[in-house]
Amino acid sequence: MKYLLPVLMAATAVSCEDWLNVTSSSELQADKLYETRTGFYEALTGVYMTMGGASTYGGSYMWSVNNYVAYPYNINSQIVIGEIQKHLYSHTKIRSVIDQMWYNGYFTIANINIILRELEARRSVISSDVEYDLFKGELLALRAMIHFDIMRMFGVNDWSGENAAKLTIPYVKEYSAEVTPQLSYEETERLLMDDINNAIECLRRSDPIVADPGDSFDSTINAEGYWTNRGKHMNYYAAIALAARIYQWKKEYETAAKYAQEVIDGAFDAGLVSWVDAYSIVNETSDDQKDWIFSTEHLFSLDVTDLYSSLRLTFFTSDENSIYIDDSFVNLLFPPVDSQTGSVAGLEDIRGTALHLKYTGLGYVLYKYYGSTSYNVKFRNRIPMSRISEMYYIVAEYLIDEGDISGAMYQLDEVRARRGITSRLQDFVAALDPSEELMKEYYREFVGEDKLFYYLKHVKAEKSLSETFDLSASALIYPYPDEEINYGRKQELN
């Protein structure tokens, strides 16, 4: 993939491990890496570490750019964030940030493709079918996830109809000096689905969270414990959740709900997730012992070194350098008394003023990513790539589309009850707009995360719930890097 090579060289200058350098001068070093199973472990770990970088899921893809463009924060002195909030992507500094989101996404994909290539070439090293499935399943699902997110960030929100024939981002399946051609949305979607379906099959056969990998698994393949903590890997249920997201985006709601329900039915029983205890969190007196990020509910999370120090100046300074959530917007999401239902759910909800939102003289600051140096290590530096609550929302959207409003509100209530709310939406169905209630849940649940950005784009929202925040279709489409356009790439939007 010719256009990517210079980027790989630049990216490796700041990469987390020397062996991620894939320039020609390090081919022999890379060759030695894959001579052992440990080398493959290091390579896959490097992919996860690179995904946690500031330009990808450890920053811009998650709590930074994708968060700022979708959530109506109050910005004081942070000029760049303010320009992002206004969706002024032509600003030089913003273009630089967005360009790195593109290039570092493809950098990670390139490293995935190298490992996949070596995995096929060195079956004598990865001789176990179970371990081969685990490597391949995780890598294919990660490749699908990153491509899917780049497609959603840099492309249109509807891949059907007239858009199906338009060109979208390159879907890169091999590490090569050859140019990867752009294909249509329809053709690219087919490649995406091939990857996720193959990943699911590999993980269904061999992921210990759902399959029986054999009596000798712990003493042989997993002797070093590399495959033990499945929530820190792209596991079977995380791959199923990704499939649910893809079908939701395609507006194939019934299929999306089927996959989401499989996650709900299986992930709890497998011990992958468990609901947080709202009462215990609120009553814990030490901030350093609170599970602010609801880590037990993560289907898949990334460890991001120094996450708190990376975002502390943006979210936790309690001065004009922080970004805030306006009082009126907090009252809209978490009203002391709901005018429609008469409930006091807003005072109980731990996603609001009961826990996550702390008031300062300038507004509310978000504590979701709290993490002092003495913070409980179980919760520290966690980025939620996929959460169980999202699966309930996907099922709810399907039920709304089917006209089963009571059933949809039941799904929302399942999450709300775990957030400390004692009243039920099911009891007030006639007074509610189900689509608005679902959107409010995305705002409450996913503040500081990427999932709100994608949901708003998916439903073609033109205004945020704040009414004054521009969310027109063009506001949620990032421009291709100029270098890509100059090289011949086309960003077909209309």
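Model, not experiment: these values are computed from the prediction.
One finds no salt bridge joining Arg387 and Glu390 here, because no Lys/Arg side-chain nitrogen approaches an Asp/Glu carboxylate oxygen to under 4.0 Å. The existence of a salt bridge linking Asp207 and Arg230 is confirmed by a sub-4.0 Å separation between a basic side-chain nitrogen and an acidic carboxylate oxygen. Here Asp149 pairs with Arg152 in a salt bridge; the nearest charged N to carboxylate O distance falls below 4.0 Å. We find that Arg351 and Glu441 are joined by a salt bridge, their nearest charged nitrogen and carboxylate oxygen being less than 4.0 Å apart. Salt bridge status for Glu449 with Lys368: present, with a side-chain N to carboxylate O gap under 4.0 Å. Using a 4.0 Å cut-off between a side-chain N of Lys or Arg and a carboxylate O of Asp or Glu, Glu297 and Arg418 do not qualify as a salt bridge. Checked for salt-bridge contact, Arg117 and Glu174 miss the test: no charged N lies under 4.0 Å from a carboxylate O. Residues Asp158 and Lys250 are not paired through a salt bridge, judged by the lack of any N-O separation under 4.0 Å between the basic side chain and the carboxylate. Taking 4.0 Å as the cut-off between side-chain N and carboxylate O, Arg95 and Asp482 count as a salt-bridged pair. A salt bridge is defined here as a Lys NZ or Arg NE, NH1 or NH2 lying under 4.0 Å from an Asp or Glu carboxylate O, and Glu483 with Arg489 fails to meet this definition.
Contact of the Asn381 side chain with the Thr305 side chain is not registered, since no non-hydrogen atoms from C-beta on lie closer than 4.5 Å. Residues Asp265 and Asp269 have side chains not in contact (no heavy-atom distance under 4.5 Å, counting atoms from C-beta outward). When side chains are defined from C-beta on, Phe294 does not count as touching Val273, because their heavy atoms never get closer than 4.5 Å. Put simply, the side chain of Val447 reaches to within 4.5 Å of the side chain of Leu366, judged on heavy atoms. Side-chain contact between Arg419 and Arg444: absent, with no pair of heavy atoms (C-beta onward) separated by less than 4.5 Å. Looking at heavy atoms from C-beta onward, Glu445 lies in side-chain contact with Tyr393 at the 4.5 angstrom threshold. A 4.5 Å side-chain heavy-atom check between Ile169 and Trp102 finds at least one atom pair inside the cut-off. A 4.5 Å side-chain heavy-atom check between Ser286 and Glu284 finds at least one atom pair inside the cut-off.
Between Phe446 and Tyr71, the distance separating the two ring centers is not shorter than 6.0 angstrom. Between His356 and Tyr367, the distance separating the two ring centers is not shorter than 6.0 angstrom. No close placement of the Tyr89 and Tyr68 rings is indicated, their centers lying 6.0 Å or farther apart.
Residue Tyr57 is tested with Asn104, Asn66, Leu302 for a side chain to side chain contact (heavy atoms under 4.5 Å, CB included); the sole match is Leu302. Here the rule is salt bridge (charged side-chain N to carboxylate O under 4.0 Å, His left out) with Glu131, and of Arg205, Arg37, Arg123 only Arg37 fits it. Under the side chain to side chain contact (heavy atoms under 4.5 Å, CB included) test applied with Gln491, the options Ile477, Thr168, Leu167, Val156 reduce to a single match, Ile477.
Taking all atoms of both residues into account, the shortest heavy-atom contact from Pro479 to Phe154 is O-CE2, 3.3 Å. Here the closest heavy-atom approach between residue Thr50 and residue Thr56 is recorded as O-OG1, 3.1 Å. For the residue pair Ser464 and Pro72, the shortest heavy atom distance occurs at OG-CG, 4.3 Å. Closest of all the heavy-atom pairs between Pro213 and Pro208 is CG-CB, 4.0 Å. The two atoms that bring Met234 and Ala239 nearest to each other are SD-N, 3.7 Å, heavy atoms only. Counting all heavy atoms, side chain and backbone alike, Trp63 lies closest to Tyr369 at CB-CE1, 3.8 Å.
A perpendicular orientation is assigned to the rings of Trp249 and Phe148, their planes being inclined by more than 60° (bins at 30° and 60°). Between Trp275 and Phe268, the two ring planes are tilted [angle within 30° to 60°]. Ring pair Tyr375/Tyr370 is perpendicular by interplanar angle, where above 60° counts as perpendicular and below 30° as parallel. Ring geometry for Phe135 against Tyr41 counts as parallel: the plane angle stays under 30°, on a 0 to 90° scale with 60° as the upper cut.
Judged purely by atom type and a 3.5 angstrom limit, His91 uses its side chain to pair as donor or acceptor with the backbone of Lys93. Between the side chain of Thr296 and the backbone N or O of Ser274, at least one donor-acceptor pair lies under 3.5 Å. Proximity of a side-chain donor or acceptor of Ser309 to a complementary backbone N or O of Asp306 within less than 3.5 Å is detected. Without hydrogens or angle criteria, Glu187 side chain to Ser184 main chain gives a donor-acceptor distance under 3.5 Å. At least one donor-acceptor pair under 3.5 Å links the side chain of Tyr106 to the backbone N or O of Pro170. Between the Asn113 side chain and the Val172 main chain, a donor and an acceptor come within less than 3.5 Å of each other. The closest donor-acceptor contact from the side chain of Thr188 to the backbone of Tyr185 lies at 3.5 Å or more, if one exists at all. Listed for the Lys457 side chain is no donor-acceptor partner under 3.5 Å among the backbone atoms of Leu471. The main-chain N or O of Tyr226 is found under 3.5 Å from a side-chain atom of His233 such that the two form a donor-acceptor pair. Checking side-chain atoms of His298 against main-chain N and O of Ile293 turns up a donor-acceptor pair under 3.5 Å.
Considering CG of Asn111 and CG of Leu116, their distance stands at 11.0 Å, rounded to 0.5 Å. Once rounded to the nearest 0.5 Å, the distance linking CG of Leu191 with CZ of Arg143 reads 9.0 Å. Considering CZ of Arg190 and CG of Asn197, their distance stands at 12.5 Å, rounded to 0.5 Å. Note that OG of Ser216 and CD1 of Ile221 are 6.0 Å apart. Values are rounded to the nearest 0.5 Å. Here NE2 of His147 is found 8.5 Å from CD1 of Ile112. Values are rounded to the nearest 0.5 Å. The structure places OH of Tyr398 at 14.5 Å from CD of Gln248, a figure rounded to the nearest 0.5 Å.
Residues Ser295 and Asp291 bring a donor and an acceptor atom of their side chains to less than 3.5 Å of each other. Using a 3.5 Å distance cut-off with no hydrogens or angles, the side chains of Tyr48 and Glu138 do pair a donor with an acceptor. Side-chain contact, Ser372 with Asp288: a donor N or O sits under 3.5 Å from an acceptor N or O. Of the N and O atoms on the side chains of Asn67 and Tyr73, at least one donor lies less than 3.5 Å from an acceptor on the other residue.
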Walk me through it: do Arg416 and Asp349 pass the test salt bridge (Lys or Arg N to Asp or Glu O under 4.0 Å)?
CA-CA 8 Å; Arg416 287 160 57 89; Asp349 197 331; 5.6 Å; no
Criterion ring-ring contact (aromatic ring centres under 6.0 Å, His included) on Tyr442 and Tyr392, from CA distance to verdict
CA-CA 11 Å; Tyr442 270 88; Tyr392 286 86; over 10 Å; no
Could you go step by step and tell me if Tyr364 and Tyr324 meet the ring-ring contact (aromatic ring centres under 6.0 Å, His included) rule?
CA-CA 5 Å; Tyr364 286 90; Tyr324 300 90; 9.5 Å; no
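A 6.0 Å sphere centred on CG of Asp215 holds no more than 12 heavy atoms belonging to other residues, nucleotides or ligands.
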